[in-house]
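Working notes, structure below.
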Amino acid sequence: MSYRRADDVLPKNVLEILQMYVSGETIYVPQKEACREKWGSGTGVSERLRIRNEEIFVRYQSGISIKELAQSYYLTEKSIQRILRNMRKKPPVSSSSRNCD
């Protein structure tokens, strides 16, 4: 991780306020919440799990029992029940505006 000098990027009044709290120290400024990547987005894991869960939901709706699904996907029946419950109440994917500059 690289760092940038605060006096190169911050307005003088903001720098003076910051110096009242952490003069001469290194601090970390986290990204905005909206700019953080969600778990698994970098590796594709979350997408694979989403596809798997949708498949479980479709198979359940077609008549496959929870017990059979659990055996087929190497999950507990409770996990299958949780997946089905979450799939029933899943909101549509919305596009959020991100200001990450």
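The cluster map of Ile, Leu, Val, Met, Phe, Trp and Tyr, joined by side-chain heavy atoms under 4.5 Å apart, puts L10 and I27 in the same cluster. There is no path of hydrophobic side-chain contacts, each under 4.5 Å, that joins V58 to L49.
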Begin with the C-alpha distance, continue with both residues' side-chain angles, and end with the deciding distance and a verdict on side-chain contact (heavy atoms from CB on, under 4.5 Å) for Y73 and E55.
CA-CA 11 Å; Y73 289 92; E55 187 177 285; 2.3 Å; yes
Pair F57-I83, side-chain contact (heavy atoms from CB on, under 4.5 Å): steps then yes or no
CA-CA 8 Å; F57 188 65; I83 289 167; 5.9 Å; no
Can you check side-chain contact (heavy atoms from CB on, under 4.5 Å) on R5 and V9, steps first, answer last?
CA-CA 7 Å; R5 291 184 53 91; V9 295; over 6 Å; no
Go through the steps for N86 and N53 under the test side-chain contact (heavy atoms from CB on, under 4.5 Å), then give the verdict.
CA-CA 9 Å; N86 290 339; N53 293 350; over 6 Å; no
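Counting all heavy atoms, side chain and backbone alike, A6 lies closest to L15 at CB-CD1, 3.7 Å. When all heavy atoms of R48 and T43 are compared, the pair lying nearest together is NH1-O, 3.7 Å.
Contact check on E47 versus R50 returns a salt bridge, with a Lys/Arg side-chain nitrogen under 4.0 Å from an Asp/Glu carboxylate oxygen.
R88 CZ: more than 12 foreign heavy atoms inside a 6.0 Å radius.
Panel note: side chain S72, backbone L69; no donor-acceptor pair is recorded below 3.5 Å.
From L75, atom CG reaches atom CD1 of I66 across 12.0 Å, with rounding to the nearest 0.5 Å. One distance of note links CG of L84 with CZ of R59; it measures 11.5 Å at 0.5 Å rounding.
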